[in-house]
Amino acid sequence: MAPTTKPYKETLNLPKTGFDMKANLTVREPQFQDRWRDQDLYGQLRRARAGRARRILHDGPPYANGEIHMGTLLNKVLKDIVVRSMSMAGFDSPYVPGWDCHGLPIEHKVVKDLGPKAASMDHAAIRALCQAEAMKWVDLQRDQFRRLGVLGDWEHPYLTLDPRYEAGILDVLADLVERGFVHRQLKPIHWCITDRTALAEAELEYQEETTPSIYVNFEMVTGVPESWGEGPWHAMIWTTTPWTLPANVGIAAHPDLLYAGVEYTEPATGKSVRTILAADLVTKVMGLRKVEAFREVGRCRGRDLEHAEYRHPFLDRVSPIVLAGYVSVEDGTGLVHTAPGHGSEDYQTGRLYQLSILSPVDESGRFTDQAPDWVQGQQVFAANPGIVAHLKDSGHLYHEMPLVHSYPHCWRCKKPVIFRATEQWFIAVDHDDLRGRTLKAIDGVGWHPEWGQNRIESMVSLRPDWCISRQRSWGVPIPALGCNTCRTQLMTAATVRNFRDLFRAHGADVWYTRPVEELLPPGTSCPNCGGNSFRKEGDILDVWFESGSSHRGVLSKDFELGYPAYLYLEGSDQHRGWFQSSILTAVGANGTAPFEHVLTHGFVVDDKGRKISKSLGNYIPAYQMTNTYGADVLRLYVASMDYANDVPVSERGIKEMSEAYRKIRNTFRYLLGNLEDYGRFDSESVDPSNLHEMDLWALGQLNEVIRDVRAAYERFEFYRVYQRVYQFCAVELSSLYLDVLKDRLYAEAPEGPDRRAAQFVLARLHDVLTRLLAPIIPHTAEESWDYRPAPNGERTSVHLAEFPDPDPRWDDPARASRWEELLTMRERIFLSLEGLRKAKAIGSAQEAKVRIATATPDRWSSDRDLLATLCIVSEVEVIEDPSAAVEAVSAERSPHAKCERCWNYRESVGRLADHPALCERCARVIEGMNPSSAIG
RNA sequence: GGGCGCAUAGCUCAGACGGCUAGAGCGCACCCCUGAUAAGGGUGAGGUCCGAGGUUCGAAUCCUCGUGCGCCCA
């Protein structure tokens, strides 16, 4: 008997690798991140790509507040995949991340934590606390982004509070001032009359409040339809803020609403009154005073009343009726009292009709000398009853009643706030055709998806002038100087540039810490009056102006990335936000768009497509998910989604993605397991003529994968990368090629040409797939790369490599189409095997023999052995059957004995006396690897 | 309320120009293997293509009107 002492299993070349099946990502990923940091992978990549064509993805700065959430994760991972894929495509793509550090949320938090103390602290002290708060979050978010594997210049990010960056902001501002875009103008803002301070929307708390609700007849002067007959006619308005009536300069009507001219008998006086109000509201309004004696005289559309004029009830002023889309018949009279100095919508309408912006109210909410003398000095809320009484006495008041409704209150003192017009700094969008030139620049940018262009165009076309001033502490001061002589404000390109240089040298804090005299160049004088005594004004810049200036501070100066950027990539909300503030400032200051392409992504929603919100309880903590499932799983998840639409995120979805991740990981593991001994060989030494038919097919398929994947990366369609690679792993590889290859890999002689040929393909598969996936799952790709068969054991990073190219040697369209037939036949064979299995005749496919009965045996005879191999059956027999219209496929249990070593059922088993349990092939292999056994 | 966008199996995606019985992978069910083994293989069941009209010989695809959801405004 054969003397082989060891079991046959040990004579097989079974897979062996240190590449663990268990990913253990939460432990391994930080190790790779440390390694990349220690070896300065980012710096190495910069040096490796030096001199190549540049493609800059310019990072939109996230707000330095709070932990990252799924939306931030989505955005940052997409950016990282873009940057990495551009690098691997051969471009020089540095990535400098940034943070938006100024702004209300941080200031708000700091002031809230300080409590009453805040009131007694100066700007500089509060700003120091704000800076600490911002930096705390920068550091935390930086760690979390790094934990996601995002590769970039984390040691040198751009921060909007960096003096260099602050200088860049003022550099842009100076250019805009120089070109005449910046001016001052009245605008109503929320104002707390107790704290004497401006309030932002986020500082308002809405509470129920009882206010007077009054219906007032304003006497018409012109514009009433003649057919309605003699007057005097009136227009009946409704308001809950009588104190704003002194600032009334218009009445708004809806263009499409029907209005009625009504004649009614005033109950108190018995006099007949003619007034106009929305036709739908006549009955309701008359019912308020139980007026039964009324009749409609006529009707007209709101647009017919445009430019009709009325007289102010207690001021010597005639004002027009104007049109506005927000007018409704929800409540009131359908005619809206309009005071552009005291309301946001009123202001918009006022600007449209060029109405005066009146606001005869001072900082503490008292009427100024611009108001009628009988209310001067009164606080506005206290003045309400007097104004109502005045209207009643003069016969203008139709009705008064108390109304409880939601009204904004100050977050700090809880008192009701008012709208008050104050002077603000604006960028004039229509100066020097900035709007038109911006629209032209927009047209020259590549918007992805394309509808983004339409979206931003319509926003830019309709947007009002940009108010860039804020009455806060935490930001970049607008370096405007108030002349103590004539009270005008001075801000010229020269003064702004003066402060730009000071900010660059000392930071923006100098504005607050040093007296104005030290900051001004000697001889500065007021262009208006010649005065030379100034004070520092207190406003800061809108943070959108700050981030919108990044093309100067980051692309052009200091970071010198290159202007314009190739790509901006943010959520679709930034069509109104950063994309717009960036292109407006860039066109204004530079004359060109700061980006060549803009890519947008949708928002993270839950698995039912609803937005993420506290009240729905569907929040998924991003960082916690990373530390549970691993960054690569989350990155794969992000990559798998068509992010142009909303991106549904659920823990269930992430779990499912871990399964997909494991499939990919196992594919790598299989490849590596069969390449353990391959590194000693030069792959170039493999003679292509040794490659089997199916090897050539697999290499040809891989070429297609390379082409599809690279094209998908180029178009930022990462979900196509994912689908393509994943399905290739699952279908072409796992269930077909790699499965079929086992016999050759395990059972053939380890260094024989058949096994080496298979390994040649496996090595290429591994090399190509690792590179192609490196931008998406950088940690796993690096780990896989570590284990690759490298001739000298050299250890470089896959992230320094470039994408693979298709190898034209393996392209063969004829082969591809022949294989479609083969694979169809394979399916039919599987079907008949399944029948055998159901009948308990066989278990594994190797136990079966397949018979194809066909009228054209020549078609299949040459592929007999290939089919047997592809189906992993022991034998395929082709017989001629002239009566068979189509091939008839059948299967039966193999009549032969099982080879103990390779488990195939072969006629040759038992024929060899030395190896009675082996097939001929296995016997030959055994003899080759163990010559001494022959002596036995 | 307005502007923009999206809607195909439980999930993620395919479905140029309108044209087979609407496809793939995952998941699921059942089965096989135990030499990729917290793996691997096979078979199968899943769809009113959001709804209603319309154009057309023919619509997932084109048009209109809805519904739901998201972003941005108001």
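Chain A is the first sequence line, chain B the second, and so forth, proteins listed ahead of strands; every chain is numbered from 1.
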So what does [X] touch, heavy atoms closer than 4.0 Å: a base, only the sugar-phosphate, or nothing?
X: A:Leu831; result: sugar-phosphate
X: A:Met657; result: nothing
X: A:Arg669; result: sugar-phosphate
X: A:Gly843; result: sugar-phosphate
X: A:Tyr719; result: sugar-phosphate
X: A:Asn674; result: nothing
X: A:Ser344; result: nothing
X: A:Gly609; result: sugar-phosphate
X: A:Arg901; result: base
X: A:Asn666; result: base
X: A:Glu651; result: nothing
X: A:Lys655; result: nothing
X: A:Gln348; result: nothing

Mind checking the [atom1] distance from [N] to [M]? Whole angstroms is fine.
N: B:rG46; M: B:rU55; atom1: P; value: 34 Å
N: B:rG23; M: B:rA9; atom1: P; value: 14 Å
N: B:rC49; M: B:rC11; atom1: P; value: 16 Å
N: B:rG10; M: B:rC73; atom1: C1'; value: 36 Å

Return yes if some donor-acceptor pair links the side-chain N/O of [X] with the main-chain N/O of [Y] below 3.5 Å, else return no.
X: A:Arg669; Y: A:Phe19; result: yes
X: A:Arg755; Y: A:Leu745; result: yes
X: A:Arg301; Y: A:Asp256; result: yes

Nucleotide nearest [X] when distance is taken to its side chain, options [options]:
X: A:Tyr746; options: B:rG35, B:rC71, B:rA24; answer: B:rG35
X: A:Pro648; options: B:rU12, B:rG70, B:rG40; answer: B:rU12
X: A:Tyr726; options: B:rC71, B:rC26, B:rC31; answer: B:rC26
X: A:Lys742; options: B:rU43, B:rC13, B:rA36; answer: B:rA36
X: A:Glu834; options: B:rC31, B:rC71, B:rA14; answer: B:rC31
X: A:Met21; options: B:rC71, B:rC31, B:rA38; answer: B:rA38
X: A:Asn454; options: B:rC72, B:rC4, B:rG70; answer: B:rC4
X: A:Ser572; options: B:rA74, B:rC71, B:rG10; answer: B:rC71
X: A:Val605; options: B:rG70, B:rC72, B:rC6; answer: B:rG70
X: A:Gln723; options: B:rG70, B:rU12, B:rC32; answer: B:rU12

Taking [atom1] from [X] and [atom2] from [N], how many angstroms apart are they, rounded to a whole number?
X: A:Arg837; N: B:rG42; atom1: CZ; atom2: C1'; result: 5 Å
X: A:His601; N: B:rC71; atom1: NE2; atom2: P; result: 13 Å
X: A:Leu675; N: B:rA36; atom1: CG; atom2: P; result: 16 Å
X: A:Arg610; N: B:rG70; atom1: CZ; atom2: P; result: 9 Å

Report yes if at least one side-chain N or O of [X] is closer than 4.0 Å to OP1 or OP2 of [N]; otherwise report no.
X: A:Arg720; N: B:rC13; answer: no
X: A:Lys9; N: B:rG35; answer: yes
X: A:Lys840; N: B:rC32; answer: yes
X: A:Lys16; N: B:rA36; answer: no

*Stacking of A:Trp903 on B:rG35 base (centres under 5.5 Å, planes under 30°)*: yes

*Hey, which of these two, A:Leu12 or A:Asp739, hits RNA chain B nearer its 5' end, going by closest nucleotide?*
A:Leu12

*Hey, which sits more toward the 5' end of RNA chain B by its nearest nucleotide, A:Gly602 or A:Met641?*
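Counting from the 5' end, the first nearest nucleotide belongs to A:Met641.
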
Any luck finding a side-chain donor-acceptor pair between [X] and [Y] under 3.5 Å?
X: A:Asp632; Y: A:Thr780; value: yes
X: A:Trp466; Y: A:Asp542; value: yes
X: A:Ser784; Y: A:Thr770; value: yes

_Before we go on, tell me: are the rings of A:Tyr568 and A:Trp578 under 6.0 Å apart, centre to centre?_
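Yes: the rings meet the under 6.0 Å criterion.
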
*asked:* Tell me if B:rG46 is syn or anti. Syn = glycosidic torsion within 90° of 0, anti otherwise.
replied: syn

*Which stems, defined as runs of 3 or more consecutive Watson-Crick or G-U wobble pairs with both pairing distances under 3.5 Å, involve RNA chain B?*
B:1-7 with B:67-73, B:10-13 with B:23-26, B:28-32 with B:40-44, B:50-54 with B:62-66

*asked:* Does this structure show an ion pair linking A:Glu783 with A:Arg665, if we count only N-O contacts that are shorter than 4.0 Å?
replied: yes

*A:Arg893, A:Lys840, A:Arg837 screened by salt bridge (Lys or Arg N to Asp or Glu O under 4.0 Å) with A:Glu847, the one that passes*: A:Arg893

_Under 6.0 Å from the ring centre and within 45 degrees of the ring axis: does the NZ or CZ of A:Arg635 meet both conditions for the six-membered ring of A:Phe718?_
no

_Inter-residue atom distance A:Asp607.CG - A:Asn618.CG, 0.5 Å rounding_ =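 One gets 8.5 Å once the value is rounded to the nearest 0.5 Å.
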
